[in-house]
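These notes are about the structure you will find just below.
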Amino acid sequence: MSPPGSFLWSRRIFLTLLTGFVLVPVYVMVSSSLKPLADVTGKFRWLPSSLTIRPYIDIWSTVPLARYFVNSLIVAGAATVCSVVIAVFAAYAVSRYSFRGKRVFTVTVLSTQMFPGILFLLPLFLIYVNIGNATGIALFGSRGGLILTYLTFSLPFSIWMLIGYFDSVPRDLDEAALVDGCGPLGALFRVVVPAAIPGIVAVAVYAFMTAWGEVLFASVMTNDTTRTLAVGLQGYSTLNDVYWNQIMAASLVVSVPVVAGFLLLQRYLVAGLTAGAVK
């Protein structure tokens with residue numbers, strides 16, 4: 001039975017408005033990034049009077065964008081790898097074994113997501129400074145300290161979601177692997193992990209996106225050498241002027257890795273989120 005015509009037209013109108021709501025800001029960003037600065041700061045025009053690619057060239061010299069780009073890749077990549085590895089072991093232990101305090105552990109892991117990140121800013125700052133003074137290990141102002149900071153946000157959610165996904169993998173597969181001579185780690189890496197690839201990819205995408213676009217902790221826990229992209233983009237705003245065309249160009253450039261990764265892994269991401277939420 002086909003839906004009524006009024007429903008079809010309502011859906012078309014809603015989808016058209018939604019598409020315009022999403023694409024209009026993107027068009028403004030792209031068009032502004034191709035305008036001279038005088039045109040961007042003047043009266044806005046939907047059709048640019050002149051186009052130039054100069055902003056895409058100047059973004060690399062106005063601020064050390066390449067260094068910020070490398071810092072963000074290192075921090076986000078390391079935080080993603082650590083989150084996935086630790087979450088896989090923790091989620092497998094919770095999903096497959098019974099131990100005292102199991103329920104308390106899972107509730108505690110999930111409850112950490114209720115607190116805003118700003119509550120951890122001052123404690124982490126003091127901890128890093130005291131560790132540096134006591135041991136000489138420079139966590140404050142270093143990429144390593146920022147990676148540990150991001151793990152406090154991405155790891156609890158990663159563990160919680162992988163627990164739900166591992167629960168959806170039949171235990172008979174583990175038992176069959178154990179019968180064939182595999183140990184617990186062999187069953188994990190040879191049977192459970194291949195079956196849980198969509199969930200692991202979803203966790204990896206979440207951890208990477210969390211670290212890639214985070215601003216609050218990156219603005220406090222880094223210095224000029226370890227600054228990431230999310231904070232480095234502020235360098236296009238000076239006391240004398242704001243390079244709006246370069247800000248738009250840099251924003252589009254730095255969003256390419258996240259957008260490309262999301263499009264490539266979209267199928268696994270949707271499957272992983274769905275299974276982790278339902279099971």
Handout entry: Pair R45 + D39: basic N to acidic O under 4.0 Å
Key = no
Handout entry: Contact check, side chains of T152 and L148, non-hydrogen atoms, under 4.5 Å
Key = no
Handout entry: Heavy-atom side-chain contact between V88 and I200 under 4.5 Å
Key = yes
Exercise for the section: Flag the pair D241 / L37 as yes when at least one side-chain heavy-atom distance between them is below 4.5 Å, and no otherwise. Expected result: yes
Problem - R190 atom CZ, neighbour heavy-atom count above 12 within 6.0 Å - result: no
Problem - Among Y97, F189, F166, the one residue meeting ring-ring contact (aromatic ring centres under 6.0 Å, His included) with F89 - result: F189
Exercise for the section: Say whether N133 and Y128, considering side chains only, have a donor N or O and an acceptor N or O under 3.5 Å apart. Expected result: no
Practice task
Compare all side-chain heavy atoms of V75 with those of W212 and state whether any distance is below 4.5 angstrom.
Solution key: no
Practice task
Examine the side chains of S83 and S154 and answer whether a donor and an acceptor come within less than 3.5 Å of each other.
Solution key: yes
Practice task
Could you pull out the closest heavy-atom pair between Y150 and A211, with the gap in Å?
Solution key: CD1-CB, 3.5 Å
Handout entry: Nearest heavy atoms of P184 and Y92, plus distance in Å
Key = O-OH, 3.6 Å
Handout entry: Mutual orientation of the aromatic rings belonging to Y206 and F157 [parallel < 30°, tilted 30-60°, perpendicular > 60°]
Key = tilted
Problem - Contact list for residues 66-76, test side chain to side chain donor-acceptor pair (under 3.5 Å), sequence neighbours left out - result: N71-R143
Problem - Neighbour count above 12 (heavy atom, 6.0 Å) for I118 CD1 - result: no
Exercise for the section: Indicate whether any N or O donor in one side chain lies under 3.5 Å from an N or O acceptor in the other, for T226 and N223. Expected result: yes
Handout entry: Side chain proximity check, L121 to L216, heavy atoms < 4.5 angstrom
Key = yes
Practice task
Check whether any side-chain heavy atom of V24 sits under 4.5 Å from a side-chain heavy atom of W46, and report yes or no.
Solution key: yes
Can you give me every donor-acceptor pair (side chain of residues 242-251, partner residue at least two apart or in another chain, under 3.5 Å) with its distance?
from, atom 1, to, atom 2, distance (Å)
N245, ND2, K35, O, 3.2
Q246, OE1, T62, OG1, 2.6
S251, OG, I247, O, 2.7

Problem - Worked check of side chain to side chain contact (heavy atoms under 4.5 Å, CB included) between L146 and T228 - result: CA-CA 10 Å; L146 194 59; T228 58; 3.8 Å; yes
